[in-house]
Amino acid sequence: MNVSIQTLTAACFFLLTMILIYPDSESVAAEVPPANYDESKIPCVVLPEPLLTKDGRKVDSAKLWNDVRRPELLDLFTKEMFGVRQLPASAVLTMRVDKLAESDPNALGGKATRHQLRLRFFNVSAKNDQPNDNDPKVDVLIYTPNNVKKKVPAFLGLNFRGNHTVSTDPGIVLGTVWAKPEGSKNFVPTPAKEEDRGVQSSRWPLEMILDKGFAVVTAYYGDIEPDFDGGIKFGVRKLVYSDDESPKPDEAGAIATWAWGLSLIREVVVEKNSDSLNIDPTRIAVHGHSRLGKTALWAGATDPKFALTISNDSGCGGAALSRREFGETVFRINTSFPHWFCGNFKKYNQDVNSLPFDQHELIALIAPRPVYVASAEEDRWADPKGEFLSAFHADPVYRLLGTDGINGVTRMPEVEQSVGGTIGYHLRTGKHDVTEFDWECFLNFAAKHFR
Ligand code: GTR
């Protein structure tokens, strides 16, 4: 190498100047490199082996997986990525389910029965044994098909913009959403608007889902915790953390909190009321799009009572492999959304190869329960190939546990083909979204596995 003395001296001088200006490395805000979309620039990716224990044992039986490797991985994902849930702490937090407050047996033109109920959270003290208006609440919206007599399976997922946005149904209660007023940078609680009814209905084809004999259960994710840095002070966790307290490095970020909300709804709303709702609690699919797809995967991994999990365009921190660093990266996501994951996850910003896991192992944590990963061709930010590879590399765990895994698929399929077995996958044309095609695949997958 031909490096002149002058160049070396200049480099040393530059470094010394930097050290003097920025005496500790923490104060140097490292810049997130631009996103890479070039396959040839992806460094050689060596994935951690799901079927190898920390102490080097080969996992060759379901028993070793269940007793040792799965708990080991679950612990790593919990402490290093999503964070330990501080909820539910029933000693601190009391929850009241307002009776099945609103029902309409003739919703959606008679196709469905609609139920709406409100979960209210509050701290009990000597002076207070009732929630007040400022206490957190989560409104849950449920539709069940009218033409099925026996208990039906259900799709449970959070929505981005409020329950009233999933359908134009005028009976949906207008709640409160988090929005930025014109010219403001801050989110404030804002009464949901009549004109926003149904604005997200293309992502929630209710009639199509109901016609196939499934119920739909949803709630607004911002009710559980609003989605901005500092949102912890305004959701359910405001009852757990005091004003000047923030989560420790291994404590839950927003995604783990939303996932907690999904499990809570599954348990206290659906399972507890399964007779009156006519929903089969053993056939509940958890699903989500994008950041809520990441949430669905974590809910599926942590709550074995979710019988099936669907991730739509979940990307970085969801189904996409972190080590590929294609599109959105760990560094970028932790910088743009510092509240989504736990503090420890930021340790890996500039060295994803030191992560003690990769996202194929998140999918493996769901095994042997069916999991479906959906990608969109133009959604390069979410790295469709990385999403497929995660599904593919979870296959050995699914097969060890006696399922057909990805059913022999070895290559990423052409667009618009749904492939796989217990692990399902498709790549559709188009952008980052949830479309009718996605739902057709989810419904077929669920119908096959919930037979
Ligand atoms: C993007 C984010 C992604 C994805 C998406 C979404 O801005 O970078 O990780 O989750 O938002 O949730 O729509």
Side-chain angles (χ1 to χ4, degrees), residues 31-37 77 81-83 157-162 165-166 177-180 185 187 199-200 202-204 218-229 231 235 252-259 261-262 286-301 309-342 345-346 348-349 352 355 358-359 362-363 373-388 390 427-428 430-435 438:
E31 251 189 50
V32 184
N36 173 45
Y37 291 112
F77 272 102
M81 185 173 183
F82 292 99
L158 300 175
N159 63 71
F160 278 93
R161 295 185 52 190
T165 62
V166 307
V177 292
W178 288 87
K180 289 180 184 168
K185 284 206 216 103
F187 286 94
V199 290
Q200 296 254 294
S202 67
R203 290 184 174 182
W204 296 85
T218 186
Y220 171 48
Y221 83 140
D223 272 358
I224 299 166
E225 184 157 305
D227 186 5
F228 52 85
D229 194 15
I255 290 181
T257 306
W258 298 324
L262 283 165
V286 63
H287 68 101
H289 168 61
S290 205
R291 66 199 71 183
L292 294 177
K294 310 179 210 297
T295 304
L297 287 172
W298 187 233
T309 303
I310 293 166
S311 142
N312 192 73
D313 302 357
S314 60
C316 179
L321 292 174
S322 300
R323 279 169 175 73
R324 278 172 48 82
E325 299 204 277
F326 187 97
E328 188 172 34
T329 60
V330 168
F331 195 0
R332 168 72 62 190
I333 207 166
N334 278 331
T335 308
S336 310
F337 307 100
H339 57 292
W340 280 2
F341 299 97
C342 76
F345 196 42
K346 299 185 177 67
Y348 305 99
N349 278 358
V352 281
L355 270 166
D358 212 315
Q359 299 307 99
L362 174 61
I363 293 175
V373 174
S375 307
E377 202 179 17
E378 290 174 46
D379 186 18
R380 299 202 313 151
W381 183 241
D383 186 13
K385 185 166 174 194
E387 293 176 324
F388 168 73
S390 262
L427 171 71
R428 72 161 162 77
K431 297 192 189 340
H432 187 70
D433 199 357
V434 196
T435 67
D438 293 323

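All values below come from the heavy atoms of this structure, side chains included, with hydrogens, waters and symmetry mates left out. Atoms within a ligand are numbered from 1 in the order they appear, just like the ligands themselves. Note that the coordinates shown come from a computational prediction; the quantities given were computed from them, not determined experimentally.
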Arg324/Asp358 salt bridge by N-O under 4.0 Å criterion: no

Ring centroid separation Tyr220 to Trp178 under 6.0 Å: no

Within-4.5 Å side-chain heavy-atom neighbours: Asp383 and Glu328: no

Residue pairs involving residues 289-298 (criterion salt bridge (Lys or Arg N to Asp or Glu O under 4.0 Å); sequence neighbours excluded): Asp227-Arg291

Residues that Phe77 engages under ring pair (Phe, Tyr, Trp, His ring centres under 6.0 Å), provided they are two or more places apart: Phe357

Contacts of Trp204 that satisfy ring pair (Phe, Tyr, Trp, His ring centres under 6.0 Å) - sequence neighbours left out: His287

Residue contacts for ligand 1, heavy atom to ligand atom, distance under 4.0 Å: Ser290, Arg291, Lys294, Glu328, Ile333, Phe337, Trp340, Trp381, His432

